[in-house]
There are 2 protein chains.
Amino acid sequence: MTKPRSRRGGGRPTISDVARKAGVGAITVSRALREPGRVSEELRRQIQAAIGELGYVPDPNARALASARAEVFGVLVPSLTNNVFAEVVRGIYDSLSDGPFRVQLGNTHYSGLEEERLLQVFGPQRPAALIVAGIDQTQTSRRLLETSGCPVVQVMETGPDPVDMMVGFSHLDGGRAATEHLIEAGYRRIGFIGARMDPRSQRRLAGYRAAMEKAGLFDPRLITTTPLLSSVPLGREMFRDALAKMPALDGVFCNNDDIALGVLFECHRAAIAVPQTMGIVGFNDLDMMQVAFPSITSVRTHRYEIGRRSVGMALAAIAGERPEQRVVDLGFELIPRESTAR
Amino acid sequence: MTKPRSRRGGGRPTISDVARKAGVGAITVSRALREPGRVSEELRRQIQAAIGELGYVPDPNARALASARAEVFGVLVPSLTNNVFAEVVRGIYDSLSDGPFRVQLGNTHYSGLEEERLLQVFGPQRPAALIVAGIDQTQTSRRLLETSGCPVVQVMETGPDPVDMMVGFSHLDGGRAATEHLIEAGYRRIGFIGARMDPRSQRRLAGYRAAMEKAGLFDPRLITTTPLLSSVPLGREMFRDALAKMPALDGVFCNNDDIALGVLFECHRAAIAVPQTMGIVGFNDLDMMQVAFPSITSVRTHRYEIGRRSVGMALAAIAGERPEQRVVDLGFELIPRESTAR
DNA sequence: TCCAGGGATGGTAGCGCTACCATGACGTAG
DNA sequence: CTACGTCATGGTAGCGCTACCATCCCTGGA
C-alpha cells in the first residue's frame with residue numbers, strides 16, 4: 001500500500017475528481033467532453049455542473065498521450081516579423097481560436113536544415129495537422145511530412161506536386177503580371193530589385209524575366225539582388241546601387257513592398273519624379289501602399305485568407321472529408337496606382 | 001495476458017526501445033538525456049549510439065505528464081501582426097531555439113477576457129514560464145499568473161507592482177520625451193494622434209499631456225484618438241480629422257510609427273512642409289523612419305531585447321537563481337531627425 | 001414469454017515518461 | 001575486517017487521460 005504521489009500537479013482537479021463529484025465514471029466525463037451526443041442529457045448536466053464548480057480544465061498532455069494525437073497544429077514559417085507571414089499566421093490563429101486546437105509555431109529562419117529540425121521535434125508531439133510555408137522542402141523534410149500521419153498543408157505557393165494539400169498562388173505569374181504592367185505603361189528599362197532571394201522571390205524574378213524577354217527588353221544588368229533580409233532601408237540602398245549600375249533605369253519591379261517604399265523615398269530624396277521618370281511596382285500590397293505619396297502600384301496577395309483556408313482544409317481532412325481540390329490557388333490582383341500612372 | 005495496445009503511436013521508437021538496444025534500463029536513458037553528469041561516460045556513449053540509430057526523439061507529452069512540468073514557455077501578446085510584438089516574440093523565439101523549450105503563443109486581441117481564457121488554457125499545461133505583454137492584467141488574470149507556479153515575466157512596460165518579474169520601459173516618459181522634443185524645437189500647437197488606445201498608448205498620452213501642461217500648451221482639442229486598430233491609412237485619416245478640428249496645428253506626436261507615416265504622406269499630398277509647417281514624431285522607431293523623406297523623429301524602443309531579456313530572466317528563475325532585480329527598465333531613446341529639424 | 005439488438009455507462013489497462021526508492025559495488029574511516 | 005557513506009544503475013508505480021471491451025438496461029419482434 002503506497003500513498004499516491006502527492007499530487008505533483010499542485011492540486012489541480014482531475015477528471016476523476018469531476019467524476020466523483022458528478023457521481024459517474026471517469027470515462028463518462030471524458031465522453032461528455034469529447035462526444036456529448038453519446039451521454040444522456042441528465043448526466044451531461046451534472047458533469048457540466050461539477051466541472052464548473054471545480055474549475056476543471058483537461059490536461060492536454062495527458063490527453064495527447066492517451067489518444068496518441070495532440071490537439072496541436074504545427075505551423076512552420078520562415079520569419080515571424082515579415083508582415084507576409086505574420087498575416088498568414090494571424091489567419092491561422094483566428095481560425096483556430098474557437099476550437100480545441102492549439103498552435104505550435106516554428107520559425108525556420110529561411111533555413112531548410114532548421115525546418116528539418118523543427119519537423120523532427122514536431123513528430124513525437126503527434127500534431128493534428130501541419131502547415132508549412134513554401135513548396136521547396138528538402139527531401140528529408142518531405143519524408144517527415146509524408147510520414148507524419150496527419151494532414152499537411154503547404155501554403156503561400158501552388159505547385160505541381162503537393163505533399164498533401166496546398167493553398168497559395170503563383171509567384172511566377174505575379175512577377176510576370178507586375179512586369180507586364182510596367183511594360184504596358186510604357187516603361188522600358190525596368191529593373192528588378194529583390195532582397196532575401198528565397199524560392200518565392202526567385203519565382204517572381206523568373207516571372208519578371210519571362211515578361212522582359214518576351215518584350216525583348218531583358219538585360220541581366222537590370223537585376224539587383226542580395227541575400228540580406230528585406231527592409232525599407234535596404235530597398236533604398238539597392239535602388240541606389242541599381243541606378244549607379246544602370247543610370248537609364250526608368251522603372252523597377254520590387255520583390256516586395258518594403259523595397260518599393262525604400263525606392264519611393266529615395267526618389268523623393270533624389271528628386272526623381274514618380275511616375276514620370278521612374279515607375280515603381282511593389283509586391284503584396286501592404287495597406288500603406290495605397291496611402292503612400294504617390295500611391296504605389298502593387299500585387300495584392302491574400303495572406304490572411306491563405307491562413308484561414310489552410311486551417312479550413314486541414315480541419316476538413318481531420319473530419320475525414322475528402323477535399324474537392326487538393327491544390328487551391330487563391331490568385332492575386334495587380335492594383336494599379338499613381339506610381340505607374342504615367 | 002492482453003496484447004499491448006498496438007503501438008498507437010504509429011511505430012515511433014520509445015525510450016524502452018532505446019534502453020533495450022543500449023542494454024540499459026529505461027530510467028538510465030532518461031537520465032542520460034536530462035542529467036548526463038549522473039551517467040557513466042560509457043553508458044552515455046552506448047545510449048547516444050542507440051538514439052542515433054533508432055532516431056529516437058522524446059515525447060514531450062509523456063515527459064510533461066510524468067514530470068508535471070512541460071518544457072513550454074507560454075507567451076501572451078495582444079497582436080501578432082503589430083511589428084512591436086512581432087519583434088518581442090522574435091526575441092523570445094531566438095533566445096529559446098537552442099534549448100529544450102517550446103513556445104506556446106497566445107493572441108489576446110487586446111482583450112482582458114481573452115487573456116483570462118488563454119491563461120486558463122495554459123494552466124493545465126504546466127508551462128515552465130509565462131511571458132505576458134503589459135502590466136494591466138485583470139484581477140482574475142493576475143491570480144492565475146500568481147498561482148501558476150512558474151516564473152512570470154510581464155513585458156513591454158515597467159510598473160510598481162510586478163506579479164513576479166518585469167522587462168520594459170516607461171511609456172509615460174517616452175510620451176513626455178517626444179512631446180518635450182517638439183516643444184523645444186519650437187512647435188506650439190502640438191497634436192496627439194493615437195489609434196487603438198490600449199493602456200500603453202494611454203500612458204504615452206499621459207506623458208504628452210504632462211509635457212503640454214507643464215509648458216502651458218495643453219488643449220483637449222489637440223487630442224485625436226480612436227479605438228480602431230492602428231495602420232498607416234488610419235494615420236492619414238486621423239491627421240485630416242485633427243487638422244479639420246484644429247487648422248492651426250503645427251506639430252503632431254503620433255502614438256506609433258504607422259500613424260506617423262500616414263501623417264507624413266498626407267503632408268506630402270496636401271503640400272504641407274515638414275518640418276517647417278508641421279513637425280512629426282513617431283514612436284518605436286521602425287527602421288523605415290530613418291529612410292523616410294524627410295526622415296522621421298521617433299522614440300526608439302528595444303523590443304527584440306525585451307524579448308531576449310524576458311527569456312533570460314525566466315531561465316535564470318527556472319535554474320533557481322534569484323534575479324538581482326525583478327524589474328528591468330530597458331529605457332528608450334529619442335532619435336531626432338529631419339521631421340522636427342525646423 | 002424470451003431473446004436479439006442497440007444505446008448508455010463503466011472497468012481495466014495502458015500511452016511514454018519520470019519520481020521515488022531499492023540495490024549493489026566500491027571506497028573510506030575506525 | 002566491519003560499518004557506513006557515496007555513486008551508478010535499475011525496478012516499480014504512477015502522471016491524467018482515453019481505447020477497448022464488458023456490462024447493463026430497455027425496446028421490440030417472434
Side-chain angles (χ1 to χ4, degrees), chain A residues 1-20 22-47 51 54 56-71 100 123-126 128 149, chain B residues 1-20 22-47 51 54 56-71 100 123-126:
Chain A
M1 178 140 293
T2 50
K3 71 163 181 292
R5 217 183 290 185
S6 63
R7 253 314 165 56
R8 294 184 298 194
R12 254 168 240 281
T14 73
I15 203 169
S16 36
D17 295 329
V18 175
R20 205 170 314 120
V24 301
I27 190 69
T28 306
V29 176
S30 172
R31 256 196 298 261
L33 255 26
R34 292 174 302 124
E35 311 167 88
R38 294 189 45 194
V39 174
S40 69
E41 183 155 343
E42 199 196 325
L43 284 194
R44 230 183 311 162
R45 234 197 305 276
Q46 289 174 35
I47 290 168
I51 287 174
L54 293 172
Y56 169 72
V57 185
D59 180 336
N61 297 118
R63 206 172 243 197
L65 184 57
S67 64
R69 183 53 74 201
E71 286 170 328
Q125 240 184 112
R126 323 221 103 258
Chain B
M1 177 138 292
T2 49
K3 71 162 182 293
R5 217 184 289 184
S6 63
R7 255 311 167 59
R8 294 183 300 193
R12 254 168 240 281
T14 72
I15 202 168
S16 36
D17 295 329
V18 175
R20 205 171 312 121
V24 300
I27 190 68
T28 305
V29 176
S30 172
R31 255 195 300 260
L33 255 25
R34 291 173 303 123
E35 311 167 88
R38 295 191 45 194
V39 175
S40 68
E41 184 156 343
E42 198 196 326
L43 285 194
R44 231 183 311 161
R45 234 197 306 277
Q46 290 175 35
I47 289 168
I51 287 175
L54 295 171
Y56 169 72
V57 185
D59 179 336
N61 298 118
R63 206 171 242 197
L65 185 58
S67 64
R69 182 55 73 201
E71 286 170 328
Q125 240 183 112
R126 324 221 102 260

- Between OG of B:S30 and CD1 of B:I47, what distance do you get to the nearest 0.5 Å? 9.5 Å

For nucleotides 7-9 of chain C, give me every protein contact, N/O to N/O, under 3.5 Å, one pair per line with atom names.
{"unit_1": "C:dT9", "atom_1": "OP1", "unit_2": "A:S40", "atom_2": "OG", "d": "2.9"}
{"unit_1": "C:dT9", "atom_1": "OP2", "unit_2": "A:S40", "atom_2": "N", "d": "2.8"}
{"unit_1": "C:dT9", "atom_1": "OP2", "unit_2": "A:S40", "atom_2": "OG", "d": "3.4"}

- Note on the structure: the helix from C:dT1-D:dA30 to C:dG30-D:dC1: angle between terminal helix axes, five bp per end, to the nearest 10 degrees, reads 50°

- Expected output: side-chain B:R63 to main-chain B:A70 donor-acceptor under 3.5 Å: no

- Item | salt bridge (charged side-chain N to carboxylate O under 4.0 Å, His left out) involving B:R45 - partner list, sequence neighbours excluded | B:E41

- Item | Atom-to-atom span, CG of A:D17 to P of D:dG16 - whole angstrom | 9 Å

- Item | Between CD1 on residue A:I15 and CG on residue A:L54, distance to nearest 0.5 Å | 12.0 Å

- Reckon B:R34 has a side-chain N or O less than 4.0 Å from the OP1 or OP2 of C:dT18? yes

- Task: Give the intermediate values and the outcome of side chain to side chain contact (heavy atoms under 4.5 Å, CB included) for residues A:L33 and A:I51.
- Result: CA-CA 10 Å; A:L33 255 26; A:I51 287 174; 3.5 Å; yes

- Item | Distance in Å, B:Q125 CD paired with B:N61 CG, rounded so as to fall on 0.5 Å steps | 9.0 Å

- Message: With rounding to the nearest 0.5 angstrom, report the CZ to CG distance, B:R126 to B:L65.
- Response: 11.5 Å

- D:dT18 OP1/OP2 closer than 4.0 Å to side-chain N/O of A:S30: yes

- Message: Rounded to whole Å, how long is the line connecting atom CG of B:L33 with atom P of C:dG16?
- Response: 16 Å

- Write down the distance between CD1 (A:I47) and P (D:dC17), rounded to a whole number of angstrom. 13 Å

- Counting heavy atoms from C-beta on, name the nucleotide in D:dA19, C:dT18, C:dG16 closest to the side chain of B:A62. C:dG16

- What integer distance in Å separates B:R126:CZ from C:dC17:P? 21 Å

- Message: Regarding B:P58, tell me which of base, sugar-phosphate or nothing describes its non-hydrogen contacts under 4.0 Å with the strands shown.
- Response: sugar-phosphate

- Task: State, to 0.1 Å, how close B:T14 and B:Y56 come at their nearest heavy-atom pair, and which atoms those are.
- Result: C-CE1, 3.6 Å

- Note on the structure: Rounded to whole Å, the CG-C1' distance (A:L65 to C:dC15) equals 4 Å

- Note on the structure: Taken to the nearest whole Å, CG/A:N61 to C1'/D:dT18 is 15 Å

- Interatomic distance, B:I15 CD1 vs C:dG16 C1' [rounded to whole Å]: 8 Å

- Task: May I have the distance from A:D59 (atom CG) to C:dC17 (atom C1'), rounded to whole angstrom?
- Result: 13 Å

- Count the heavy atoms of every other residue, nucleotide or ligand shown that sit under 6.0 Å from CD of A:E35, and state whether that count exceeds 12. yes

